[in-house]
Amino acid sequence: MIRGGKNYVSSPPAFSNDTKRLLVCSGNAVSIFSTATGLLITSLEGHTALVTAVVVAPATSSASKILCYCWTASLDGTIRYWDFSVPELIKTIDIKFPIYSMVIPSILSQPAENNEKPAKIFAYLSVEGTKEPEKQSKALCGQIRKCNLTDSRLVGGVTLAETKQPELITISSCGKYIGIRIKRKLHIWKVPSADSDRTMAKKITLRHTKNMTVTAFHPTQRILAAGDVTGRILIWRGYGNRTFAIGDGGRSVNNEEERPGVRGNDDADCCTTWHWHAAEVNTLFFSSDGAYLYSGGKEGVLVVWQLDTGKKKFLPRIGSPLLYFTDSPDPSLSSISCADNQIHLLKMPSMEILKSISGIKLPCSFPETYKGLCSGVAFDNNAGLIALRTENYSIQLYSLFDDRGISEVQVCERNHHPGDDVTVVVTLVTLSLDGSMMITTEVKLAEEGLGGLVCLKFWALGSDNRKFSLSTVVYEPHRDAGISSIAFHPTRCMAVSSSYGGDFKTWVCNNGIQRRDQVLTSSRWTCHAVASYKKKPMTAATFSYDGSVLAVAAETVITLWDPDKNVLVAVIGETLTPIVSLSFVGKSEYLVSASWGSKPQLSVWSLSKLSISWSYRLHVEAIASAADLSLFAALVFLPKSSKSSESNETIFRGRDGVILIFNAADPVPSATWLVNKAKGGALAFLQVNQSSVEENMFDGKPLGSLLAYINGDHEYILFEPHGKEANELGTIKQEAVPDLEEAGKFGYASIYGELPESNLKRTQTSAVVPFVPSEKLLETMFSGSSHNLPPLTKLCSAFLESLLEKRITVSD
Amino acid sequence: MADQHQQNTTISKAFPVKPKLKPKPRTPSKSPESKYWSSFKSHQIQNLISSIPSIAFSPVPSSHLFAAANSASLTFFSSQTFSPTSSISSFSDVVSSCSFRSDGSLIAASDLSGLVQVFDVKTRTPLRRLRSHTRPARFVKYPVHDKLHLVSGGDDTVVKYWDVAGESVVLDLLGHKDYVRCGDCSPVNAEMFVTGSYDHTVKLWDVRVESKKSVIEVNHGKPIEDVMFLPSGGMIATAGGNTVKIWDLIGGGKMVHSLESHNKTVTSICVGKIMGQENGEETIQYRIMSVGLDGYMKVFDYAKMKVTHSMRFPAPLMSVGVSQDCMARAIGTSNGIIFGGKRKMKENEEKSELRDFLGLGSVEEPQRRILRPTYFRYFHRSQGEKPNEGDYLIMRPKKVKFAEHDKLLKKFRHKEALVSALTGKNPENVVAVMEELVARRKLLKCVSNLDEEELGLLLGFLHKYSTMPRHSGLLMGLTRKVLEMRADDIRGSDALKGHIRNLKRSVEEEIRIQESLQEIQGIISPLLRIAGRR
């Protein structure tokens, strides 16, 4: 089992004391990267939920720089203490509340001089109090608590604040002050210098007129910066002079006039505002000497403010919203975390990007109107690659086995501005079976009906540099209609694109005769054939395993074509709602279709009988079929309604998807897994070649294929679909395989119809009536020329029979 | 390397606005053969009076000479410069045909008075006057291997075999029932020749035959315009009507192939050669070159039975000739223009010739001293210094070129970018900038911000290009929007009104075109349907 695709930017990372390592919260683990190479060294595994904070114990002297201890906090309610050089878990503190943020002021401020007994270490936690969820549902469920790490217990009775949601705690670099922001207020506490269980921190509050997003403390002076949702940066100087002054009432209260910008009775000397960011400020950070303030936001520009003058310097074109800025003990190195799951290591005064740690690209948000056009991802089944569409108009090729990005292909030569609304969308991506070719489609959205453009691009993999290069561009391949699906021929240079405009086109590459190395320069895709079926929108297309049959879904029916001669071979079936995806089941005679909408349906069609074999009323997100087996896997998205009953609650436990493995001939699933975040997920069977190392991890026995599941957040897992042993998966947990009755009871899998039986009946009726009805008896019964119609007496019985058959289906 | 690549991708690059790619022509790029035939550098010889019925190249390549019959004169041209060198005008009527003797020193010419004359090429003095044809003589030909005899034919349907020295007719060959228009002598035999006539037949004659009857007769089916032996001597090609037919004489006059690629009458054919090199050996491939009244010159590979090259000239073509070494080509038209063509010799060919001439191998050049870091000069190498073989090359990243509108777009000065593209010449760039503005949701804002002069610029552009199929998808919609948004400004200005009038005119014209196209489609589509059913 391999997991990966973790989000590296869910929480701020932390540098080790020698700045050679970067500790990144990645899902349930902390990944440690080398700052010199940007590669993963090791990871700290142990938490059972998302890790939300990592705090490296600072070195108190130069000799202790090699010490590698860190504290981590997680949503599973534990704080763990690690030696991350080994890596080894030293201590676990269970506080039973999900922790959203943790700061440890005492280890920052602790001077090195006390050699005798080290003072107790206190952590300030932002936890979610879930003791009585019914009562607190409306009220404040976030709490700021204090925890004695030395004694491993929560300090009783000390709750600094209660908030509606758990808030992020900010700490000053000397560890004297901590602060949180709640909407338009900032709460700041001074941490007592000799902290103990009983001492309470003093608190002040600063107010602003806008919701604030982030705060930062000046390292030496009493200066506080805060960013708000409009992009303003507020800087308070001399905060807490009254409250935090040594000796109470040391200074008299200033007049209102002498405190420009400070609201009401807030305890600060003055407040200035800087405004450069157009959108909300996501990160603020003071440089270690306190001369500069770094700020970043949605625009993807890092701004450096000179604190005294307000002069700006920029690091533009980072290409993605900035989330965190982290500095290291070494003043020449710092890191910025971007929303596209990348962490850039910056060389500091010059702000050059030294290295980038890039994770899997996160799913991008698209305008509503084009949601339906975007299919998720494409798999290269042999190489274990996944092609993902990214926000900056490129395709990321990510190796599932190695959990790292292979390359990126810029599909559309445009500058990406993270703040802008989306106007150009890469909608579809498909890889050929051998991974040497790729097709992408992109849509340029029209401005008030002007200038919309659909573009189909064919890419070929270079033989030497293993990079995709553009081979052919087709503008408006189906006039202005959007493309619903694209598929490659399994063996030849052929592809099909189907459109909502009512036609599909087959494309061929004209390099059939030429040798492989010449393909790059001279390969050109041309349209081979155009076809349509009753002018219906074509919603899905796929080739059979050997490529002899092309199946195209025309809304609710499936049309089968000879791809070479472009001849309609057969039309099968009818579903209730338009089909969104089609897939042949390996080499078998079955075809699987999935339709969405109000009456979702998963149907299996038999090509030998040209009729439906069986179907379920399920909302299927993705279908994957193994190439050589008659198996297929379906990712079923469970709607909210089916989970509402309590009996289901215990089984699903917040999971919203099921992976079902079917044998095509048998409607009873052979295996079932419950999964998270199934919306937007994808499935694929990956071929494991014998030489790969990963193969050995699976019980030592050779494997045919692995099932890859990638969820809506682009976290993925590879597992062996036939493994009988229960896999403890965390996000994906193997449940007891529910049999069909159970499934029916829970309502997520009600049987749609026992149609194989009706097939039998139909053959009987066809013996009676002189013409052969195709699929739907009622529809076809009265069609045909009048002289050919059977006598009414015979028709009547057939008619009644068909009614009877329907009853049976319903009563079942 | 991988890291470097990552480095590049982390920071999003700046892309200049690019126009949409144009579709490449579907026809494959030129084959090597058509490259060969179009490598003839064309020369036009203009100042001749009337049509050129005959062109003859001197059989001696070194003389670089060809003769063209033109009106009542025979003009010699240099095949290197295509300038007239001399001319013979001692004809009483229009010259119909001319032919060099095999050594290139004499030329025979026939005219419409029926007289056949033989001239010295150098002195241009008439040496012999052969008078026997009672009607216009149409062709005269020197046998390839015979310096003493001539063949001629004319409108009196008689083919005459002359003894040139004695100015006497050796044989009168009767058999044709209509005007004899053309003929050719066998390249392998001095006694055999073919003649073609308007009675649709081509007759092969052998002067050794006592009966004076033709040996073989083939029927082309159309009046024969030209006939020639193929270099093997066993086959002939005939031109008549709009077909060229190839006949096998050894096989008894069997038709081998009929070539129907001309649309109008084929007037003249000749043999062209392709000098090529294959595996270091010189190869010669023969082609049939045919010209016709449709203005096309076609090159036909009679080994593969395929037309390999086709070339169009702006006039009906009457005659064609190719020099012996195939370095020059001349085509005569009906309106007195000769389209000459000279093949460029490749430099290396020339050089090799030169070297062969010198008979020496390459002279060893003095070896340059290799710079070492111990030399002083090593540190004074300039940027132009070429890298050594072992040097590791560090490529400078390619600089992206930004046009004016790209720079303005980068600064978000959208309207200025649009105006700068509009003032430029390239409509592709304008459309590309417009598309970029659409992607930024700024196009309509730009349109509303344009001042009057700039609006005029935009309207002028729309007038020119909005009906162009490549851009009309965007520009038609834009035109409508512009008219809606800026109606008041347009009403207020006369200059803009003028633009609108132009725009209206071009749109109306486009509508007319579309309607007529629809009519055509209406006519064609039932035909296509019928064809598809078959």
Side-chain angles (χ1 to χ4, degrees), chain A residues 37-39 300 315-320 338 340 342-344 352-358 392-394 396 404-410 412-418 420-424 444-453 455 465 467 470 472-476 479-480 510 522 524 526, chain B residues 1-26 28-29 400 402 406 409-410 412 414 431-448 469-482 484-485 532:
Chain A
T37 61
L39 297 177
L315 174 63
R317 295 187 189 286
I318 298 170
S320 185
C338 299
D340 63 351
Q342 281 193 324
I343 299 174
H344 301 299
E352 277 174 60
I353 291 186
L354 291 174
K355 279 279 172 307
S356 296
I357 299 164
S358 59
N392 55 349
Y393 324 117
S394 28
Q396 186 192 28
R404 62 187 179 87
I406 301 281
S407 61
E408 263 181 59
V409 183
Q410 186 81 33
C412 177
E413 295 213 325
R414 285 204 72 227
N415 300 327
H416 176 64
H417 303 288
D420 293 357
D421 48 349
V422 180
T423 55
V424 180
K444 189 180 269 182
L445 307 181
E447 178 189 13
E448 296 184 33
L450 278 184
L453 181 72
C455 196
N465 54 3
K467 268 185 207 163
L470 189 59
T472 307
V473 185
V474 184
Y475 298 108
E476 305 199 314
R479 291 183 299 283
D480 51 350
N510 65 348
S522 61
R524 188 162 46 171
T526 46
Chain B
M1 277 307 282
D3 290 333
Q4 216 162 18
H5 167 68
Q6 262 192 344
Q7 204 78 0
N8 292 339
T9 51
T10 51
I11 299 283
S12 60
K13 285 167 273 185
F15 296 108
V17 171
K18 272 189 207 158
K20 279 192 213 168
L21 299 171
K22 269 186 186 163
K24 282 181 202 149
R26 257 209 166 161
S29 61
V400 188
F402 284 107
D406 284 321
L409 280 174
K410 244 175 105 184
F412 304 97
H414 297 130
V431 175
V433 169
M434 282 177 178
E435 278 167 355
E436 175 63 26
L437 290 176
V438 165
R440 296 185 185 193
R441 296 279 177 277
K442 290 289 184 294
L443 181 59
L444 296 185
K445 184 148 247 178
C446 281
V447 168
S448 64
R470 254 169 82 69
H471 310 310
S472 59
L474 171 66
L475 295 186
M476 280 295 186
L478 178 64
T479 311
R480 217 184 57 239
K481 286 273 180 199
V482 170
E484 275 171 19
M485 289 165 66

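Below, read A as the first sequence line, B as the second, and so on, with proteins coming before strands; counting in each chain starts at 1.
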Are there residues of residues 469-479 of chain B whose heavy atoms fall under 4.5 Å of chain A's heavy atoms? If so, which? B/Leu474, B/Gly477, B/Leu478
Honestly, the part of B/Lys442 sitting under 4.5 Å from a heavy atom of chain A is backbone
I need the minimum non-hydrogen distance between B/Leu21 and A/Val473, along with the two atoms involved. CD1-CG2, 3.7 Å
What do you reckon, is CZ of B/Arg441 surrounded by more than 12 foreign heavy atoms closer than 6.0 Å? yes
Side chain / backbone / both / neither for A/Glu448 at chain B, heavy atoms under 4.5 Å: both
Listed by chain and number, what are the side-chain hydrogen bond (donor to acceptor under 3.5 Å, both in side chains) partners of B/Glu436, not counting sequence neighbours? A/Arg414, B/Arg440
What's the shortest heavy-atom distance between B/Ala439 and A/Lys444, and which atoms? CB-CE, 4.3 Å
Worked check of side chain to side chain contact (heavy atoms under 4.5 Å, CB included) between A/Leu450 and B/Leu444: CA-CA 9 Å; A/Leu450 278 184; B/Leu444 296 185; 3.8 Å; yes
